[in-house]
Amino acid sequence: MGTTTSPPPPSGGNPLGDELRGARHAQPCAVVIFGATGDLTKRKLVPSLMGLAKDGLLPNGFAVLGFARREWTDEHFRAELRDGVHQFGRSDTTASFDRLAERFEYHCASFEDPAGYHALKARLDQLDARFGTRGNRIFYLATPPSSYSSILANLAAAGLSQEQDGRTARVIVEKPFGRDLQSAVALNDQVRAAFAERQVFRIDHYLGKETVQNILALRFANGIFEPLWNEKFVDHVQITVAESIGVGGRGGYFEESGIIRDMIQNHLMQVLTLIAMEPPAALTADAVRDEKVKVLKTIRSFAPHEVAAATLRAQYTRGTFAGEEALGYREEEGVAADSQTETYAAVRLHVENWRWSRTPFFLRSGKRLPRRVTEVAIQFKQPPHLLFEGGRPLQPNVLLLRIQPDEGVAMRFGAKVPGPDVRVRDVRMDFRYGTAFGGESADSYERLLLDAMLGDGTLFARRDEVEEAWRIVDSIVHGWRQSNERPLEYEAGTWGPNGDDLLLGPGRAWRKP
Ligand code: BG6
């Protein structure tokens with residue numbers, strides 16, 4: 001079936017573009033990127049800043065100071081960034097970079113040495129004078145987490161974390177935010193020693209995705225879904241984040257994290273909270289996050305003996321991928337030959353409140369699956385009395401939120417097949433972002449960087465959210481550790497281990513996206 005939205009814009013642009021533009025203006029600021037010689041800066045941060053520049057969303061008073069150990073000059077730094085924008089930026093963003101190139105400078109210092117921070121302060125004052133950044137600073141921690149504590153302590157000691165005379169100081173912290181509850185609490189304490197919570201922006205880039213933000217719009221801007229959004233009508237919810245890539249060059253990191261820490265603790269849990277939360281009183285950062293954290297609080301930690309029945313973990317083995325032989329996880333660089341780290345995990349969670357008490361939420365994520373796809377499937381219960389097809393159960397109704405790629409929302413329902421017989425078949429009503437709104441959609445980092453400049457924390461994880469998510473994940477990891485069972489196996493390029501449907505219970509199966 002076709003889309004039910006208005007016809008596509010004639011020019012291919014977003015028909016609401018003019019209406020939407022210009023509502024949010026960030027104050028002047030200087031962005032200091034710690035770890036500026038790394039991949040994130042080149043692939044994501046600077047291309048995203050240039051996406052904002054292209055759309056006229058960067059403030060006039062703006063500058064970036066890269067802070068890292070390597071002995072680069074400003075010129076070398078700019079050349080690297082330009083190359084990154086050219087390769088990874090949206091179309092025409094290289095021109096924005098060329099226009100703003102002189103506002104990108106490099107500061108070579110060690111993260112541990114206090115002297116480097118005093119010099120940083122002096123350089124920021126110079127940037128204020130030259131580029132009108134007015135003493136407002138954003139510190140972006142894009143280093144390995146082991147450097148966070150030195151950076152935070154040094155920023156505080158140099159007086160750079162203080163907000164005075166209307167000047168703002170904010171810190172953006174990249175994931176991973178800890179590797180268990182204890183380390184997350186310790187890191188939160190370090191952050192708190194330097195910055196107040198309202199100054200802290202913990203990145204979960206899934207929250208910057210348009211389709212993830214659309215979950216709230218779909219639920220709370222429409223009257224038709226909310227009455228059905230509960231255990232009376234919803235049989236279960238499946239949240240899938242599948243990736244076709246393996247761990248590639250990140251074997252060393254992944255060995256320490258596994259898919260449960262890398263994806264489930266953050267991205268999937270965040271999506272779960274948006275699906276399950278109650279309507280917030282307002283769309284303010286704290287009202288939204290209060291509701292999200294309430295969801296996490298209703299999910300019990302698992303006792304070790306409960307973990308085997310409620311979870312499943314597996315590791316990919318050698319297989320065929322896109323017609324080519326793909327390595328098994330244990331053959332990847334940086335991975336132990338006898339590694340027990342999971343590259344696929346599925347968990348059943350219960351949100352124990354009035355709305356959801358009998359509706360399980362199933363979360364799964366894996367590397368080296370056949371396709372890259374993120375989706376949420378809300379699967380509805382069968383009608384109470386089956387009149388069609390001789391009383392056989394039909395395919396259940398599904399509301400499918402396609403987070404990526406092919407972003408959109410689809411509804412599956414039964415319809416009468418034309419003809420003299422009464423036959424019912426599945427059909428699909430489909431809304432596609434690309435067709436309805438057109439235009440090139442911005443990377444999630446664009447939205448998040450803009451929000452941090454605006455001081456809007458709605459799309460960032462608050463301290464209690466992160467800690468609650470770790471509490472749940474810790475109990476799973478603990479259960480796995482206590483059992484002597486090894487992860488199951490699945491061939492690279494398949495949808496996970498055999499028998500993964502068992503976790504869902506009788507009559508249910510994972511969707512094959
Ligand atoms: C990151 C994980 O947070 O998210 C990666 O560390 C993963 O392992 C990535 O590949 C997936 O992000 P996206 O936006 O491509 O779905």
Side-chain angles (χ1 to χ4, degrees), residues 35 38-45 47-48 51 87-90 140-145 172-179 184 201-215 239-272 274 313-316 321 326 329 332-335 339 341-345 363-376 401-407 433 440-449 459-461 465-466 469-470 473 492 513:
D39 237 25
L40 186 74
T41 309
K42 182 169 177 174
R43 282 174 175 265
K44 286 284 180 198
L45 304 184
S48 298
Q87 276 190 63
F88 307 111
R90 285 200 270 139
Y140 199 118
L141 306 193
T143 63
I172 304 181
V173 189
E174 258 300 328
K175 74 175 272 261
F177 201 93
R179 69 177 314 275
F201 297 79
R202 294 175 193 80
I203 289 258
D204 184 311
H205 77 279
Y206 266 57
L207 294 177
K209 292 181 192 278
E210 285 289 344
T211 40
V212 172
Q213 294 165 48
N214 187 48
I215 295 173
I239 303 177
T240 300
V241 181
E243 290 186 279
S244 53
I245 52 170
V247 296
R250 299 167 78 217
Y253 155 77
F254 204 81
E255 276 287 87
E256 292 297 308
S257 92
I259 206 86
I260 189 110
R261 293 187 175 93
D262 186 46
M263 300 294 288
I264 294 186
Q265 186 273 342
N266 39 77
H267 309 322
L268 282 92
M269 288 284 195
Q270 285 290 335
V271 172
L272 162 74
L274 294 169
R313 63 185 167 137
Q315 204 179 59
Y316 62 83
F321 203 88
Y329 176 66
E332 303 269 19
E333 196 190 318
V335 174
S339 170
T341 303
E342 79 291 345
T343 59
Y344 173 101
L363 278 50
R364 70 172 160 166
S365 184
K367 301 268 182 202
R368 274 287 185 236
L369 302 182
R371 283 200 315 118
R372 173 177 184 251
V373 55
T374 298
E375 62 171 41
V376 181
L401 315 187
R402 286 192 309 264
I403 308 291
Q404 64 184 24
D406 191 19
E407 290 82 358
Y433 270 82
E440 191 184 23
S441 89
D443 188 90
S444 50
Y445 275 88
E446 287 190 32
R447 175 63 196 268
L448 296 176
L449 284 163
L459 301 179
F460 294 85
E465 284 180 80
V466 171
W470 274 123
V473 162

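When a residue number appears, it is its place in the shown sequence, counting from 1. Note that ligands are numbered from 1 as they come in the structure, with each ligand's atoms numbered from 1 the same way. What you are looking at is a predicted structure, and each value in this text was computed from that prediction instead of being measured.
Between the OG1 atom in Thr341 and the OH atom in Tyr329 there is a gap of 4.0 Å [rounded to 0.5 Å].
Of the candidates Arg250, Lys367, Lys175, Arg372, the one placing a heavy atom closest to atom 15 (O) of ligand 1 is Arg372. If you check each of Lys209, Glu243, Met263 against atom 14 (O) of ligand 1, the one with the closest non-hydrogen atom is Lys209. Closest to atom 16 (O) of ligand 1 by heavy atom, among Tyr206, Tyr445, Tyr253, is Tyr206.
Gln315 places a side-chain N or O within donor-acceptor distance of the main-chain N or O of Ser339, the cut-off being under 3.5 Å. Panel note: side chain Lys44, backbone Phe88; no donor-acceptor pair is recorded below 3.5 Å.
Under a 4.0 angstrom heavy-atom cut-off, Asp262 registers as being in contact with ligand 1.
Contacts with ligand 1 closer than 4.0 Å are made by no heavy atom of Phe254, backbone or side chain.
Between Glu465 and Arg202 there is no side-chain heavy-atom pair separated by less than 4.5 Å. Annotation: side chain of Thr343 is not in contact with side chain of Arg368 (no heavy-atom distance under 4.5 Å).
Residue contact check: His205 has heavy atoms under 4.0 Å from atoms 1 (C), 3 (O), 4 (O), 12 (O), 13 (P), 14 (O) of ligand 1.
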